[in-house]
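All values reported here derive from a predicted model rather than from experimental measurement.
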Amino acid sequence: MFLNIFNLAVETVGPKTKTLASMIIPASFAIGVAIAGLVAMSIRDWRTYQIVLGAPFLALVIFYFFLPESPRWLIATGRYKEAQQVIERASKMNKVP
C-alpha cells in the first residue's frame with residue numbers, strides 16, 4: 001500500500017512538485033515515529049497506547065477506497081481505459097492539457 005501511495009504521489013503531480021511529493025511521504029514516517037515516542041511518554045497503559053496510536057490508521061483504511069490506482073500499474077495489468085481516466089483527472093487537477 002505504501003508503494004501505491006508513493007507512486008501515485010510522484011506520478012500524478014507536476015514536474016515542479018515531484019521532488020516535494022517524493023520527500024513528504026518518507027518524512028511523514030519519521031515524524032510518525034517521533035510522535036509515537038512522545039505519546040508513549042505520556043500514556044503509560046499499553047492498551048490505551050495501542051488505541052491512541054491505532055485510531056489514525058482508520059483514516060488510512062478509508063483513504064484506500066478513494067485513492068486511484070497508479071497509472072503505471074494499471075497499464076502494466078492491461079487496464080488502459082482506467083489508466084487514461086486517472087491521468088486525465090490528474091491533468092485537470094494540475095491544469096495541464
Side-chain angles (χ1 to χ4, degrees):
M1 186 165 151
F2 169 72
L3 291 176
N4 184 20
I5 293 171
F6 185 75
N7 285 338
L8 179 69
V10 174
E11 291 177 2
T12 57
V13 297
K16 292 181 181 178
T17 57
K18 191 172 284 199
T19 303
L20 180 64
S22 64
M23 289 171 34
I24 287 176
I25 293 173
S28 65
F29 285 97
I31 293 169
V33 170
I35 290 172
L38 293 173
V39 170
M41 288 189 327
S42 63
I43 299 175
R44 295 294 181 187
D45 181 40
W46 68 271
R47 288 182 179 99
T48 308
Y49 176 72
Q50 291 294 322
I51 292 170
V52 168
L53 288 185
F57 289 104
L58 181 62
L60 291 178
V61 172
I62 293 170
F63 285 144
Y64 177 77
F65 295 105
F66 293 106
L67 288 175
E69 292 289 344
S70 166
R72 183 179 299 173
W73 183 83
L74 290 171
I75 291 170
T77 56
R79 296 162 60 182
Y80 302 110
K81 190 173 247 182
E82 291 179 51
Q84 182 179 2
Q85 291 172 352
V86 171
I87 292 170
E88 287 174 358
R89 190 169 13 157
S91 67
K92 284 181 187 176
M93 291 175 71
N94 291 323
K95 296 179 179 132
V96 176

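Partners of Glu88 under the salt bridge (Lys or Arg N to Asp or Glu O under 4.0 Å) rule, at least two apart in sequence or in another chain, do not exist in this structure.
In terms of hydrophobic clustering, with Ile, Leu, Val, Met, Phe, Trp and Tyr side chains grouped at heavy-atom distances under 4.5 Å, Ile87 and Leu67 are assigned to different clusters. Hydrophobic clustering (ILVMFWY, side-chain heavy atoms < 4.5 Å, transitive): Leu60 and Leu53 are in distinct clusters. Trp73 and Val86 fall within a single hydrophobic cluster, where Ile, Leu, Val, Met, Phe, Trp and Tyr are joined by side-chain heavy atoms under 4.5 Å apart, directly or via other members. Residues Ile31 and Ile24 do not share a hydrophobic cluster, defined by chaining ILVMFWY side chains whose heavy atoms lie under 4.5 Å apart. One hydrophobic cluster, built from ILVMFWY side chains closer than 4.5 Å, cannot hold both Met93 and Leu74; they sit in different ones.
Rounded to the nearest 0.5 angstrom, Glu69 CD and Ile75 CD1 are separated by 13.0 Å. Between the CD1 atom in Ile62 and the CZ atom in Phe57 there is a gap of 13.5 Å [rounded to 0.5 Å].
Closest approach of Ala83 to Pro71, counting heavy atoms only: CB-O, 3.9 Å.
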